[in-house]
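Scroll down for the structure; my scribbles are underneath it.
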Amino acid sequence: MKINAVYYSKEALTNFRKNWVLSMGAVTAVALCLIVIGAIMFIAYMGNQFINKVESQIEIEIFLKDNAPYGQIEALQNQIVNWSAVKKVNYVSKENALKKFKIDFKDNPEVLQNLQGNPLPSSFRVWLKNPRTVEATVKRIKRLSIIDQVVADKNNDIKYGSQYVSKLFVITRGVSIAAGGIVLLLIFVSLVLITNTIRLAIFARRKEIGIMKLVGASNWFIRVPFLFEGVIEGALGGAIAILILGIIYRATIKSIMGGKWLVFMRIPLDQGAFMVMLLVLLLSGILIGAIGSAIALRRFLKV
Amino acid sequence: MKINAVYYSKEALTNFRKNWVLSMGAVTAVALCLIVIGAIMFIAYMGNQFINKVESQIEIEIFLKDNAPYGQIEALQNQIVNWSAVKKVNYVSKENALKKFKIDFKDNPEVLQNLQGNPLPSSFRVWLKNPRTVEATVKRIKRLSIIDQVVADKNNDIKYGSQYVSKLFVITRGVSIAAGGIVLLLIFVSLVLITNTIRLAIFARRKEIGIMKLVGASNWFIRVPFLFEGVIEGALGGAIAILILGIIYRATIKSIMGGKWLVFMRIPLDQGAFMVMLLVLLLSGILIGAIGSAIALRRFLKV
Amino acid sequence: MIRLKHVSKDYGGDRPALTDISVNIAKGEFVFLVGPSGSGKSTFIRLLLREILPTQGDIYISGQDIKALRSWKIPFLRRNIGCVFQDFKLLPNKTAFGNVAFALEVIGRSRYMIKKQVPEVLRLVGLEDKLDSYPGELSGGEQQRVSIARAFVNRPPLLLADEPTGNLDPATSLGVMTLFNRINRSGTTILIATHDREMVDSMRKRVIALENGNVVRDQLRGVYGYED
Amino acid sequence: MIRLKHVSKDYGGDRPALTDISVNIAKGEFVFLVGPSGSGKSTFIRLLLREILPTQGDIYISGQDIKALRSWKIPFLRRNIGCVFQDFKLLPNKTAFGNVAFALEVIGRSRYMIKKQVPEVLRLVGLEDKLDSYPGELSGGEQQRVSIARAFVNRPPLLLADEPTGNLDPATSLGVMTLFNRINRSGTTILIATHDREMVDSMRKRVIALENGNVVRDQLRGVYGYED
Ligand SMILES: Nc1ncnc2c1ncn2[C@@H]1O[C@H](COP(=O)(O)OP(=O)(O)OP(=O)(O)O)[C@@H](O)[C@H]1O
Ligand SMILES: Nc1ncnc2c1ncn2[C@@H]1O[C@H](COP(=O)(O)OP(=O)(O)OP(=O)(O)O)[C@@H](O)[C@H]1O
Ligand SMILES: [Mg+2]
Ligand SMILES: [Mg+2]
């Protein structure tokens with residue numbers, strides 16, 4: 001029905017203009033909620049990037065016997081490097097280990113003074129594609145037949161900071177749960193608020209709705225313009241949220257990325273991901289508007 | 001005017017009952033916003049406690065010469081312990097230092113194997129009342145005349161993890177600014193939403209307001225019931241928020257305090273502080289209701 | 001066209017608004033519904049529009065039991081009934097044109113038809129220069145005339161009017177009555193609730209008189225009655 | 001009591017609603033304001049209530065220039081003017097009692113006085129059994145009578161009424177007119193805008209006739225005029 005589509009849109013737009021206060025109420029409600037959600041999404045994204053970065057530093061150290069034969073060492077490396085879970089295997093010679101030790105302990109000269117010769121072993125450092133496979137991989141290394149010929153004591157000399165790793169995963173999970181929970185709560189809050197706003201808007205026009213019914217308008221004829229209006233308001237709210245978040249982003253990104261206080265977690269910011277986030281916000285706005293008015297209408301437009 | 005107080009309250013209550021949808025809209029808006037604000041306040045409180053705990057572990061170490069005379073050492077301790085900024089000064093003997101070193105390095109047997117005799121110095125550990133005074137206190141220690149007789153090299157042997165300390169303060173500041181910002185944003189959001197809701201409520205009754213004016217009601221006569229109504233709605237919203245936060249608190253406090261995933265930051269939870277928080281929420285609700293309706297009224301009740 | 005069988009309506013007050021009303025109105029009739037204030041005239045009309053349901057009895061319009069009507073069919077019933085409401089019931093955010101056009105939009109008339117018919121019908125009630133005024137900008141009588149125009153713009157087979165001349169001066173009232181008469185002659189059934197003694201007396205149509213919710217008189221070619 | 005000096009009101013339409021009106025109404029007079037629909041009667045009354053301001057000219061009530069009135073004084077002006085509105089203007093969430101009581105609450109009458117006077121005045125208009133009905137539960141004529149009761153419950157020195165009998169049957173109209181007459185005899189100035197020819201003709205009071213916003217007749221002991 002071509003005429004009706006025209007009628008509905010015209011009607012929705014007219015109502016929007018006529019009931020300026022009501023409409024702007026709904027729009028600001030959507031916009032504010034989406035701004036908060038967007039900000040939290042952004043922070044969660046940054047936090048996730050940060051955690052990924054930390055996780056990517058998880059490594060397995062295999063300390064080698066001083067007297068392990070060179071051929072066996074090479075064989076071990078060739079085996080491990082071919083596993084699908086493994087990203088990279090580095091060999092650290094005794095000399096390099098000592099250099100690193102000296103750097104690490106440069107503040108404790110009394111320890112270094114007492115160092116005789118080079119007591120440090122050579123080692124492999126194994127990085128994984130997915131840090132969560134670290135325990136499985138360690139087990140697999142220990143099961144290798146070759147391992148006993150290269151490592152003195154396979155229970156002590158294969159290390160991956162087990163305590164540190166499990167604690168990190170626990171934090172990661174806690175933080176994701178908390179962030180997800182807050183975002184869900186806020187989506188719920190905004191949905192309730194928008195339903196409320198639209199319900200109020202409909203409530204304010206309940207007399208008009210009654211009149212329409214008396215003149216013979218069918219329920220859908222009355223409902224559709226309200227739905228359209230909700231969608232318009234949601235979309236407008238989403239657009240405003242995007243605009244404001246964009247401005248905030250432009251204003252603060254320099255101080256976040258280049259500034260002092262977060263410099264220790266320099267995170268690569270993906271422009272594409274940011275764009276996707278904005279698109280998600282706009283769509284959420286539209287969805288919220290549609291769902292909100294649908295809920296509001298259900299209550300008030302019984303015959 | 002006794003009659004008027006009665007009239008106003010009666011009027012506000014009647015309106016509240018009559019305009020159930022509008023009123024519950026405002027109440028849920030207040031409640032939801034306050035729940036989110038309360039949750040964030042709670043998290044911020046916990047975070048603050050956590051940071052306080054970390055900060056309270058900041059200490060200054062003064063490594064003493066092996067050949068420092070006992071009298072001088074005692075004099076130094078007596079001097080420092082009397083400073084108002086200082087909470088506690090502990091003496092760590094050479095033997096205790098070695099014990100601790102052995103515990104710290106139990107995973108690096110190759111280091112311990114090479115340790116001959118006891119190369120570790122004895123030391124003072126100084127805790128401060130306010131960790132932020134650490135740099136000033138270190139400077140003050142260095143300025144002491146007695147210091148050169150006890151310490152071999154006062155620039156290297158007085159340590160307080162300067163890097164670590166300044167980074168911690170930066171994080172602390174960042175986190176407080178972020179939390180404060182989010183709470184402020186949310187207060188603003190809730191104020192806007194509540195003003196909106198009440199404005200809609202007034203908008204829905206603009207005809208009634210017009211009639212009241214025509215019958216000779218003064219502006220304050222019309223305004224006060226709306227203000228009362230806003231306060232009632234705000235208080236009710238605050239009460240609901242408190243109720244729900246209380247339920248959430250009871251349900252989760254066990255898993256937070258006793259559970260696994262936050263066990264590493266065991267924080268003392270002050271019941272009193274929690275009660276104060278709830279009270280603040282209730283008052284905020286009332287205030288938000290009053291301010292919200294005041295703002296809404298300003299716009300609609302010009303003569 | 002209209003058949004009421006032992007219809008009662010009780011709002012829950014001291015006494016029912018209508019008690020055991022049985023009335024038949026044939027297609028093409030012109031009927032006045034008279035009675036003192038509060039006697040149940042508006043209630044009668046609201047029952048026919050299915051705005052309210054009778055407490056007892058059955059109501060048939062064009063042979064259809066409107067009590068048993070499925071709720072989604074109600075709009076279609078109402079599209080066949082033009083109604084002038086006592087309190088006008090105009091949409092405040094539509095102009096006079098928009099309010100009348102709405103009755104046509106609802107039944108899916110083309111924009112061309114709307115653009116043609118609405119100004120014509122508004123001219124008939126003497127509002128050709130108020131097309132773009134909102135109800136808030138119209139005088140009481142002008143609003144009433146918009147309401148009348150809306151009621152018969154889509155030529156419904158049944159026209160109900162509650163106090164259609166309450167806010168009109170005698171000259172305009174006469175014009176409106178002439179209009180109703182003309183519409184009636186084209187076959188439309190007309191039921192008018194009114195207090196306008198002059199009008200009723202001069203038209204000499206069928207008069208149904210209500211009092212305290214009872215039909216006290218049903219007279220062909222009747223007069224207003226109720227001598228003061 | 002009322003003095004209009006060259007008052008014009010232009011809403012911005014094709015032609016002004018009132019043009020250069022000069023009228024004096026003395027204290028204690030009883031005046032009918034007649035004229036066809038849209039001639040400016042309601043506008044005249046809204047000007048006196050300072051609901052709207054005149055485009056030109058000055059309006060004095062009890063010697064006070066109401067155009068120059070400070071906005072916080074307006075409620076006090078209105079408390080001295082009882083007004084019956086054409087569209088009733090009842091508060092939908094107050095009962096008949098509540099609506100009438102409101103006019104007394106506004107001026108700070110004691111609850112005792114309110115409890116005594118309101119039922120009395122509602123009895124005068126024949127609504128003693130509708131005290132607890134909300135406007136939505138009242139018939140058109142009943143709402144109009146609540147509006148009348150509210151207008152004079154606080155015995156204002158000036159009573160304005162816009163179409164006070166438009167929704168009333170002739171018998172009730174007569175009762176209301178008798179009431180107005182009685183109120184007038186106690187010294188209250190009364191101005192009634194109406195289309196009710198019978199009423200105007202039978203009362204023989206001063207008649208001011210408007211047409212297209214102009215005073216076309218101002219006649220002591222006049223009649224409705226306008227022969228059809
Ligand atoms: N919604 C309602 N709830 C309760 N009582 C009602 C309701 N509507 C009408 N009434 C009562 O029913 C009676 C008949 O009302 P109705 O509106 O039918 O009268 P009417 O004949 O149209 O009167 P009028 O000429 O004054 O318009 C009145 O006494 C009225 O108070
Ligand atoms: N707010 C407004 N904006 C624009 N025009 C208006 C407004 N109010 C009234 N008018 C116009 O002013 C003219 C006079 O209106 P008014 O209400 O005074 O007439 P009236 O004499 O009371 O008529 P009725 O007997 O029909 O009530 C009318 O043509 C009307 O359309
Ligand atoms: Mg009626
Ligand atoms: Mg008028």
Side-chain angles (χ1 to χ4, degrees), chain B residues 1-26 197-198 200-230 232-233 293-294 297-303, chain D residues 42 45-46 48-53 69-95 98-115 134-136 143 146-147 149-154 156 158 160 162:
Chain B
M1 295 223 274
K2 190 171 142 287
I3 298 165
N4 271 359
V6 171
Y7 165 81
Y8 290 143
S9 330
K10 209 189 65 189
E11 200 68 0
L13 276 172
T14 315
N15 271 344
F16 186 86
R17 272 192 304 114
K18 285 278 159 55
N19 299 282
W20 194 237
V21 191
L22 299 176
S23 310
M24 285 325 291
T197 312
I198 295 177
L200 286 180
I202 294 175
F203 185 77
R205 279 188 251 159
R206 64 200 182 284
K207 275 211 179 124
E208 285 171 64
I209 293 172
I211 294 172
M212 290 182 182
K213 283 188 186 167
L214 282 179
V215 172
S218 67
N219 281 337
W220 279 111
F221 197 80
I222 299 173
R223 275 186 201 130
V224 173
F226 280 107
L227 276 180
F228 272 42
E229 210 185 321
I232 292 176
E233 287 167 359
S293 39
L297 285 168
R298 223 173 40 114
R299 162 94 173 65
F300 273 105
L301 286 191
K302 299 200 194 104
V303 181
Chain D
S42 298
I45 285 175
R46 293 172 70 201
L48 297 181
L49 270 176
R50 207 186 183 285
E51 199 185 335
I52 51 178
L53 282 171
L69 213 59
R70 305 289 292 276
S71 74
W72 64 268
K73 275 188 172 172
I74 295 175
F76 299 94
L77 168 74
R78 290 181 182 156
R79 289 176 199 181
N80 286 320
I81 305 177
C83 190
V84 182
F85 298 94
Q86 190 166 10
D87 52 357
F88 318 147
K89 293 205 193 294
L90 299 176
L91 294 167
N93 54 353
K94 286 186 184 293
T95 61
N99 265 286
V100 178
F102 188 69
L104 294 177
E105 279 162 358
V106 156
I107 58 173
R109 284 291 160 81
S110 75
R111 305 220 290 163
Y112 171 76
M113 287 287 278
I114 292 173
K115 281 241 175 71
Y134 290 94
Q143 291 183 51
V146 175
S147 171
R150 180 182 61 187
F152 71 84
V153 66
N154 63 344
L158 174 59
L160 308 176
D162 196 354

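A note on names: the letters A, B, ... follow the listed sequences, proteins ahead of strands, and every chain is numbered from 1. In this text the structure is predicted, and so the values were computed from the model without any measurement. The analysis underlying the following values was restricted to heavy atoms, covering all of them including side chains, and did not include hydrogens, waters or symmetry mates.
For the side chain to side chain contact (heavy atoms under 4.5 Å, CB included) with B:Leu214, the qualifying choice from D:Arg46, D:Arg50, D:Lys89 is D:Lys89, the only one to do so.
Note that the CD1 atom of B:Ile211 and the CZ atom of D:Arg150 stand 7.0 Å from one another [nearest 0.5 Å].
Considering only heavy atoms from C-beta on, B:Met212 stays 4.5 Å or farther from D:Pro75 through its side chain.
For the residue pair B:Glu208 and D:Pro92, the shortest heavy atom distance occurs at CG-CD, 3.7 Å. Here the closest non-hydrogen pair linking B:Lys213 and D:Arg78 is O-NH1, 3.0 Å.
Looking at D:Ile107, there are no atoms closer than 4.5 Å to chain B (heavy atoms on both sides), in backbone or side chain.
Contacts with chain B (heavy atom to heavy atom, under 4.5 Å) involve these residues of residues 80-88 of chain D, listed by number: D:Phe85.
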